[in-house]
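Below is one structure, written out as structure tokens; the observations come after it.
Positions are given from 1, in the same order as the sequence printed here.
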Amino acid sequence: MDEFGYTQTLDRSIGKFASFAAGVSYISILTGVFQLFYFGFSMAGPAYAWSWPIVFAGQLMVALCFAELAGRYPVAGSVYNWAKRLASGTTAWLAGWLLMLSSIMALGAVALALQLTLPQLWSGFQFVGDGTGPYDFAMNGVVLATIMITISTLINAFGVKLMTRINSIGVFVELIAAVLLILALGWHVVRGPEVFFDTAGFGEGNDLGFFGVFLIGAMASGYVMYGFDTASSLGEETKDPKRTAPKAILRAVTASFVLGGLILLFGILAAPDLTDPKVGSADGGLQHIVLSVLGGPFGKAFLLCIVVAVVVCTLAVHAAAIRMVFAMARDNNLPFSRQLSKVDPVRRTPTVAAIVVGVLAVVPLLINVMQPAIFTILSSISIVLIYLSYLLVTVPMLRNRFLKKWPLAHDGSEPGFSMGKWGVPVNILAVLWGGAMTLNLIWPRPEIYNSVPPFEWYLQWGGVMFVAAVVIGGTLLYRLKIQHQTGVLAEHAAAVAAHPSSGPAQHHATHEAPQDALAADGALATEPA
């Protein structure tokens, strides 16, 4: 940590499997695939499954870029600290700001997934009404999600050892369940793969035909395969992080693609009736297929594994959000930075940040009680913000490659991962993919941003307006206030001068002396001394 200008305050206890598990649990195929299958299927039918390998190919390009960065800078805050070394202070702060907000909103959205599974396991989990009232589904989802976030807050505040132990056990259960589910669904296949080449009438009436509805359905895959940077965000708490974190990132995204893709494939091939409206409805979906195919205790056992996946996904999203808040706060880049960056001396975890993130995550959930359409908009926006924050790393990285400032010249330290001659083409593809996916996600379609009455223009354009407000507001906040106070807080600053390779971004600083690379907009922090 001295090399990056910080003192070691967090508990370095995470091993290889726990690091891999953090990335897998954030992506959480059983959570995402089961939560969003109904949406993708309702938009584009069985052929929506083609979006899974397409999204994987694009996200793999981003993951390779991140693996290269994690091999150099395995520190808390991932994209924030990477952008700090690749670009200006404004870009770095904005990358952290966007990912922090998106993680807090995503935390609530993930916890809401319990509503899709628990009441199907046992009707007693429907605490509000009987599920037939107009707001029973949404209100009960908020109750379950709030309970889950409270539990996650307590676990994350207690310490990283407890969190990673539960997370690793949960991921192990999730992986075993995924393999068994694939085998079980494969055994019950009732149709051939030709169903994936049939548009089945989807797209009729759409201006772009099937391609138009496929782009919408593809969001179901785009909403799942992200968060692999979590393995690096826990880098300060990982053993041998420069080698462990890059491998964990690539293994997490690859394992999620393989297992998630096979679940989609065999789930569609094994469904008793693809014309059943429950397959494309929020209270049915892939859960309905599993219960229909496997039935009774076996189906319920797999649904229980989905609940486990939602729990560990909530823990991982919460942990990532905490590390982002902590990383920005110790650089004095947030309001109340001294409190938010405080590390419990016994548990060696940012307890205050854990509690604050938990409380803030519950606030957007309250919107879901009477206005589920607005919460859908917020959930979609949170994914847009994540893709934007990733672009704020991959674009400066590509610029530095063209300027011959990345990868760094030999600086005495050995990188944990390098793409070598493939760096430029992979980086270009990562930028093109990120830009295209961001446009697709933010496109003001009524199917996403105003799917239920009342149909208002401001709801349909809510995504564009909110993202613009967050980006512009965040930029102004940083330029007018934050950048004048930025600098590593004294209690987190390294006791020795930073390694020359870390550049001006990490030179020993205190809150009285602003960090050069963060305060001086436009300065590159990756130039070797």
Side-chain angles (χ1 to χ4, degrees), residues 26 28 30-32 34-39 100-157 220 223-224 281-285 287 303-304 306-322 354-383 385-386 448-454 459 462-463 466:
Y26 196 121
S28 190
L30 289 188
T31 302
F34 275 84
Q35 185 178 18
L36 295 161
F37 173 87
Y38 84 91
F39 175 78
M100 180 180 70
L101 292 181
S102 65
S103 295
I104 291 171
M105 287 191 282
L107 179 56
V110 168
L112 271 182
L114 289 173
Q115 177 61 26
L116 299 176
T117 304
L118 282 179
Q120 292 195 56
L121 264 175
W122 179 49
S123 59
F125 285 116
Q126 184 67 41
F127 301 122
V128 181
D130 58 3
T132 59
Y135 298 114
D136 287 1
F137 192 81
M139 291 179 71
N140 197 71
V142 171
V143 173
L144 292 175
T146 302
I147 294 171
M148 181 65 251
I149 291 172
T150 302
I151 294 170
S152 176
T153 301
L154 292 173
I155 292 172
N156 272 288
Y223 281 12
V224 178
S281 65
D283 60 346
Q287 290 92 325
L303 290 192
L304 185 61
I306 296 168
V307 173
V308 172
V310 174
V311 170
V312 296
C313 182
T314 304
L315 287 175
V317 173
H318 201 153
I322 293 166
I355 296 169
V356 170
V357 168
V359 171
L360 291 177
V362 172
V363 175
L365 287 175
L366 302 179
I367 299 172
N368 198 58
V369 175
M370 294 300 179
Q371 293 290 341
I374 294 179
F375 186 81
T376 301
I377 293 173
L378 289 176
S379 300
S380 301
I381 290 166
S382 72
I383 313 301
L385 297 183
I386 283 172
I448 302 294
Y449 294 104
N450 199 186
S451 57
V452 296
L459 290 175
F466 188 91

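- The distance from atom OG1 of Thr314 to atom OH of Tyr26, rounded to the nearest 0.5 Å, is 11.0 Å.
- The CG atom of Leu118 lies 5.5 Å from the CG atom of Leu144; values are rounded to the nearest 0.5 Å.
- To the nearest 0.5 Å, atoms CE (Met139) and CG (Leu366) are separated by 10.5 Å.
- Nearest approach of Gly462 to Ile381, heavy atoms of both residues: O-CD1, 4.0 Å.
- At distances below 3.5 Å, not a single donor-acceptor pair connects side-chain atoms of Gln35 with backbone N or O atoms of Val310.
- Residues Ile149 and Ala361 come closest through the heavy atom pair CD1-CB, 4.0 Å.
- The structure places CD of Gln287 at 4.5 Å from OG1 of Thr117, a figure rounded to the nearest 0.5 Å.
- If you take CG on Leu112 and OG1 on Thr146, they are separated by 8.5 Å, rounding to the nearest 0.5 Å.
- The ring-ring contact (aromatic ring centres under 6.0 Å, His included) search around Phe127 returns none, not counting sequence neighbours.
- Listed here is the closest heavy atom pair of Phe37 and Gly285: CD2-C, 3.9 Å.
- The nearest pair of heavy atoms linking His318 to Ala354 is NE2-O, 3.0 Å.
- Of all the heavy atoms in Leu365 and Val142, the pair that sits closest is O-CG2, 3.2 Å.
- Although no hydrogens or angles enter the test, the distance criterion places no donor-acceptor pair under 3.5 Å between the side chain of Asn140 and the main chain of Gln115.
- With hydrogens and angles disregarded, a donor-acceptor distance shorter than 3.5 Å links the side chain of Thr31 to the backbone of Ala309.
- Rounding to the nearest 0.5 angstrom, the gap separating the CE atom in Met148 from the OG1 atom in Thr153 is 8.5 Å.
- Residues passing the side-chain contact (heavy atoms from CB on, under 4.5 Å) test with Ser102, sequence neighbours excluded: Leu99, Ser382, Leu385, Ile386.
- Shortest non-hydrogen contact noted between Ala321 and Val357 is CB-CG1, 3.8 Å.
- In this structure, the side chains of Ile448 and Phe39 come closer than 4.5 Å at one or more pairs of heavy atoms.
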